[in-house]
2 protein chains.
Amino acid sequence: MDAWSALADPTRREIFARLSVRPRSVTDLASELPVSRPAVSQHLKVLKDADLVRVRAEGTRRIYSADPAGLREMRQELEGFWSATLANFKRLVEDGPPAEEDG
Amino acid sequence: MDAWSALADPTRREIFARLSVRPRSVTDLASELPVSRPAVSQHLKVLKDADLVRVRAEGTRRIYSADPAGLREMRQELEGFWSATLANFKRLVEDGPPAEEDG
DNA sequence: TCGATCCGTAAGCGGTAACTTACGGAAGGT
DNA sequence: ACCTTCCGTAAGTTACCGCTTACGGATCGA
């Protein structure tokens with residue numbers, strides 16, 4: 001599952017948002033959310049597979065933190081959409097000529 | 001369905017990517033993609049509900065174009081994730097103090 | 001008016017995502 | 001050694017998503 005699909009789920013996006021503020025354990029996350037601890041574990045696995053989070057062992061606890069790696073690609077692709085959309089939209093409202101195909 | 005879920009689907013993201021370059025009709029899009037025309041129509045409805053695309057009638061054809069509106073919100077949220085993740089990650093690799101809760 | 005083209009939607013199907021409960025392993029304290 | 005806490009995974013259920021085919025409305029040309 002890619003980063004787009006990983007962050008599409010509201011619960012997973014909420015988990016990632018919290019981890020982007022500061023690292024937390026699985027139990028801590030579960031206590032803050034309206035889902036069970038196993039559900040959080042499963043969400044974290046998805047986020048980890050998408051390189052959106054990292055894990056660090058601390059005794060029996062697993063401390064998860066946000067990882068820039070997975071987010072970087074996604075951000076770049078979205079920035080591409082953004083600039084292309086703005087340029088295209090600008091031509092439309094200015095009633096300008098249609099765009100040439102370049103991608 | 002919000003913009004995150006709308007762009008999570010690969011086919012829908014491909015449609016949006018093409019529309020961000022230049023507007024196209026439903027049939028044109030379908031001819032470029034490995035799915036049927038009704039499927040494209042359904043995808044466009046999702047994108048439209050998320051304010052990611054607009055429609056303009058041109059005879060019997062419906063010309064769809066990328067709309068900055070829906071993308072703006074999503075982009076801002078992702079930029080928030082990005083800066084928070086970077087800041088948090090920086091503290092971690094510097095072995096600095098844990099972050100305070102501020103949202 | 002008749003046919004062709006463009007399009008949206010309903011109906012139905014197969015796949016899978018998200019959640020729960022149940023279980024078992026690993027580490028720490030006493 | 002024993003109990004507790006923390007965690008991941010398997011199994012099963014429910015619900016939704018994406019796709020197809022089929023159908024009907026709308027517009028244009030002859």
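Convention: sequence-line order gives letters A, B, ...; per-chain numbering from 1.
- Separating the NZ atom of A/Lys45 from the C1' atom of C/dT16 is a distance of 16 Å, rounded to the nearest angstrom.
- Remark: B/Ser5 OG to B/Arg12 CZ distance equals 8.0 Å, nearest 0.5 Å.
- The ring pair (Phe, Tyr, Trp, His ring centres under 6.0 Å) contacts involving residues 26-50 of chain A comprise nothing, where partners must be two or more places apart or lie in separate chains.
- Taking 3.5 Å as the limit, the base of D/dT27 and the side chain of B/Glu58 contain no donor-acceptor pair of atoms between them.
- We find that A/Arg18 and A/Asp28 are not joined by a salt bridge, their nearest charged nitrogen and carboxylate oxygen being 4.0 Å or further apart.
- B/Asp49 has its CG atom 12 Å from the P atom of C/dG8, to the nearest Å.
- When distances run from any side-chain atom of A/Gln42 to the nucleotides D/dT20, D/dG18, C/dC19, the shortest one goes to C/dC19.
- Contacts between residues 5-16 of chain B and DNA chain D, counted as heavy-atom distances below 4.0 Å, involve B/Asp9, B/Thr11, B/Arg12.
- Heavy-atom contacts from other residues, nucleotides or ligands closer than 6.0 Å to CD of A/Glu73 number 12 or fewer.
- As judged by a 4.0 angstrom heavy-atom cut-off over every strand, B/Ser41 is placed among the base-contacting residues.
- What separates CG of B/Leu44 from C1' of C/dG8 is a distance of 11 Å, to the nearest Å.
- Using a 4.0 Å heavy-atom cutoff across all strands shown, B/Thr27 reaches sugar-phosphate atoms only and no base atom.
- Between A/Trp4 atom CH2 and C/dA17 atom P the separation is 19 Å, expressed in whole Å.
- If you check C/dC7, D/dT20, C/dC19 against the side chain of B/Val26, the one that comes closest is C/dC7.
- Between the P atom of D/dC7 and the CD1 atom of A/Ile63 lies a distance of 7 Å, rounded to the nearest Å.
- Computed from coordinates, the A/His43 NE2 to D/dT9 P distance equals 15 Å when rounded to whole Å.
- Between B/Phe81 and B/Trp4, the two ring planes are tilted [angle within 30° to 60°].
- Here the closest heavy-atom approach between residue A/Leu52 and residue A/Phe16 is recorded as O-CE1, 3.1 Å.
- The nearest pair of heavy atoms linking A/Ser65 to A/Pro23 is CB-CG, 3.8 Å.
- Between the CZ atom of A/Arg37 and the P atom of C/dT21 there is a distance of 12 Å, rounded to whole Å.
- The nearest whole Å value for the distance from the CZ atom in A/Arg62 to the C1' atom in C/dG28 is 14 Å.
- Contact check, A/Ser36 against C/dT20: a side-chain N or O comes under 4.0 Å of OP1 or OP2.
- Judged by atom type and distance alone, A/Arg61 does not reach the base of C/dG28 through any side-chain donor-acceptor pair under 3.5 Å.
- One finds no side-chain N or O of B/Tyr64 lying less than 4.0 angstrom from the OP1 or OP2 phosphate oxygen of C/dC6.
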